[in-house]
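Count residues from 1 along the sequence.
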Amino acid sequence: MEKTIAIIKGDGIGPEIVTEAMGVLDTVAAKFGHRFTYVDAPMGGNAVDAFGVPLPEESLANCLDADSVLLGAVGGPKWDDQPADKRPERGLLKLRGAMGLYTNVRPARMFPDLSASCPLRPDIAAKGIDLVVVRELIGGVYFGEHSTAEVDGEQKATDIMAYSEHEIRRVAHVAFQMAQKRRKRVTSIDKANVLDTSRLWRKTVTEVAKEYPDVELLHMYVDNAAMQIVRDPSQFDVIVTENLFGDILSDEASQITGSIGMIPSSSMGEGTRGLYEPIHGSAPDIAGQNKANPIGTILAAAMMLQYSFDMAAEADAIERAVDETLKAGIRCGDIWQEGCTLVGCREMGAEIRSRI
Ligand code: IPM
Ligand code: MG
């Protein structure tokens, strides 16, 4: 097969980790007889510096034309004081909106070989962690109106949180269908005791659930969910939630698996084209030092093969190579433990490639 992949290296450690993931994709292509063509799509702080905007039109066009998009990470302290429309994050939000990526899937699975890195009590970790956060990605307060104005002699800021039924319904379907292939439990997370958007969320998800009688539906308030995720993560299979709650809970869920550096994510809309990225940020403090863990990005590339290109065997080859590398005791700094071999970003990429 021939596929075109738009590449957004991004800021901070982005270029290093994406380079390793591209190397892994090339190894897979050679082994399975595919051809991947890469098209650069600058986005983030580097694009602000070079083009004056976080998502240049040409980058957006390259992403829309590609079969899929691979992203490292964007942002960094250098651009923190930029006006809102020149912040690196704005590029990512614009891209999600323009590509219609309403479903963000963030699996949080504990690798057995990394259980020592799990920050939870051993008896809690022993029950295992294997959950998926399905986050609504182009609605809610992220995409509502934002404004700051002078009111009664002081600044007043407003962010509007809005949801329509169809925005809730389409992501709920994805969550139920995913649960059907897993342990058949959906936990819908909201703040229905306070927010109207949450009451509509709960009502709509409950309606959608009727089409999936084989899946159990539970509702949970977001504050309780934040607590339950560290108290007993084994109770969760598929979590479905709105944009902001999903942003927060997916960081929490990933970190309890041992390292946020290991977790990939996919963002999809209608059709097969998606945006794949690690869930961690651009880690400017270690950028350019060959210290970053590329596994999150490499596993994101595997997700791309599976979900966008229907290449299950190829995706499996990457996941197995990652598992074997960890079993061999090869670790980047974020997941290093006594008795293991500490390697850098490039060496980790090479170790994984050698096992494909
Ligand atoms: C994420 C990030 C983004 C978000 C930022 C960079 C805008 O935190 O993908 O979770 O809040 O969605
Ligand atoms: Mg986030």
Side-chain angles (χ1 to χ4, degrees), residues 13 16-32 70 72 105-132 181-183 233-234 237 253-266 276-280 283 286 289-307 311-356:
I13 58 170
E16 302 164 62
I17 55 180
V18 170
T19 300
E20 295 317 314
M22 289 166 74
V24 167
L25 284 171
D26 287 337
T27 304
V28 167
K31 177 161 176 175
F32 290 85
L70 183 66
V105 174
R106 298 184 163 180
R109 176 171 74 91
M110 189 159 68
F111 291 77
D113 296 287
L114 294 186
S115 56
S117 306
C118 175
L120 301 182
R121 242 178 28 224
D123 61 306
I124 299 175
K127 290 163 86 181
I129 301 170
D130 181 9
L131 62 89
V132 183
K181 294 188 205 136
R182 294 174 44 99
R183 301 195 307 278
S234 72
D237 178 19
S254 65
Q255 182 58 27
I256 60 168
T257 66
S259 172
I260 194 168
M262 304 285 298
I263 313 284
S265 84
S266 74
Y276 298 84
E277 56 181 311
I279 102 147
H280 62 72
I286 57 164
Q289 299 169 36
N290 193 33
K291 281 186 184 163
N293 182 354
I295 294 181
T297 319
I298 289 169
L299 291 175
M303 266 182 126
M304 170 188 291
L305 297 184
Q306 184 170 354
Y307 294 123
M311 298 179 181
E314 291 84 336
D316 200 52
I318 297 178
E319 282 162 12
R320 264 211 319 270
V322 168
D323 278 341
E324 282 170 23
T325 305
L326 293 173
K327 276 209 176 63
I330 294 157
R331 303 291 154 81
C332 290
D334 60 328
I335 50 172
W336 182 83
Q337 63 201 69
E338 207 56 45
C340 290
T341 310
L342 180 66
V343 297
C345 183
R346 283 192 294 273
E347 294 73 27
M348 181 57 96
E351 292 285 351
I352 293 169
R353 283 195 294 279
S354 75
R355 290 174 172 82
I356 288 173

Exercise. How about F32 and M311: do any of their side-chain heavy atoms sit closer than 4.5 Å?
Worked result: no
Exercise. Which heavy atom of P278 sits nearest a heavy atom of A300, and at what distance?
Worked result: N-CB, 4.2 Å
Problem set entry | salt bridge (Lys or Arg N to Asp or Glu O under 4.0 Å) assessment of D130 paired with R182 | CA-CA 10 Å; D130 181 9; R182 294 174 44 99; 3.4 Å; yes
For this session: Mind checking the CE-CD1 spacing from M348 to I17? Nearest 0.5 Å is all I need.
Result: 13.0 Å
Problem set entry | side-chain contact (heavy atoms from CB on, under 4.5 Å) partners of N290, counting only residues at least two apart | C345, R346, E347
Exercise. So how far is it from I356 CD1 to E324 CD, rounded to the nearest 0.5 Å?
Worked result: 10.0 Å
Exercise. Which atom names give the shortest non-hydrogen contact between M110 and C118, and what distance separates them?
Worked result: SD-CB, 3.8 Å
Problem set entry | Side-chain donor or acceptor of T257 paired with backbone N/O of A253 under 3.5 Å | no
Problem set entry | Euclidean distance, I298 CD1 relative to R353 CZ, rounded to 0.5 Å | 7.5 Å
Seminar exercise, completed: On a heavy-atom basis, the closest approach of I129 and P233 is CG1-CG, 3.8 Å
Problem set entry | Intermediate values then yes/no, side chain to side chain contact (heavy atoms under 4.5 Å, CB included), V105 and M303 | CA-CA 10 Å; V105 174; M303 266 182 126; 4.2 Å; yes
For this session: Run the numbers on E16 and K291 for salt bridge (Lys or Arg N to Asp or Glu O under 4.0 Å), then give the verdict.
Result: CA-CA 9 Å; E16 302 164 62; K291 281 186 184 163; over 6 Å; no
Problem set entry | Euclidean distance, I352 CD1 relative to E20 CD, rounded to 0.5 Å | 8.5 Å
For this session: Could you check if a side-chain atom of L305 sits within less than 4.5 angstrom of a side-chain atom of L25, using non-hydrogen atoms only?
Result: yes
Seminar exercise, completed: Here the pair of heavy atoms bringing C332 nearest to A292 is SG-O, 3.8 Å
Problem set entry | Closest non-hydrogen atom pair between S254 and I263, with its separation | CB-CG1, 3.6 Å
Exercise. K327: what forms a salt bridge (Lys or Arg N to Asp or Glu O under 4.0 Å) with it, not counting sequence neighbours?
Worked result: D113
For this session: Could you tell me whether the side chain of I330 reaches within less than 4.5 Å of the side chain of R355, counting heavy atoms only?
Result: yes
Seminar exercise, completed: When rounded to the nearest 0.5 Å, the distance separating CD1 of I256 from CG of L120 is 5.0 Å
For this session: Dump the intermediate steps for side chain to side chain contact (heavy atoms under 4.5 Å, CB included) on R109 and M262, then the final yes or no.
Result: CA-CA 9 Å; R109 176 171 74 91; M262 304 285 298; over 6 Å; no
Problem set entry | From CA spacing to verdict: side chain to side chain contact (heavy atoms under 4.5 Å, CB included), I335, L326 | CA-CA 10 Å; I335 50 172; L326 293 173; 3.8 Å; yes
Seminar exercise, completed: For A301 and A21, the nearest pair of non-hydrogen atoms, with its separation, is CB-CB, 4.5 Å
Exercise. Can you tell me how far the CG atom of D323 sits from the CG atom of D316, to the nearest 0.5 Å?
Worked result: 9.5 Å
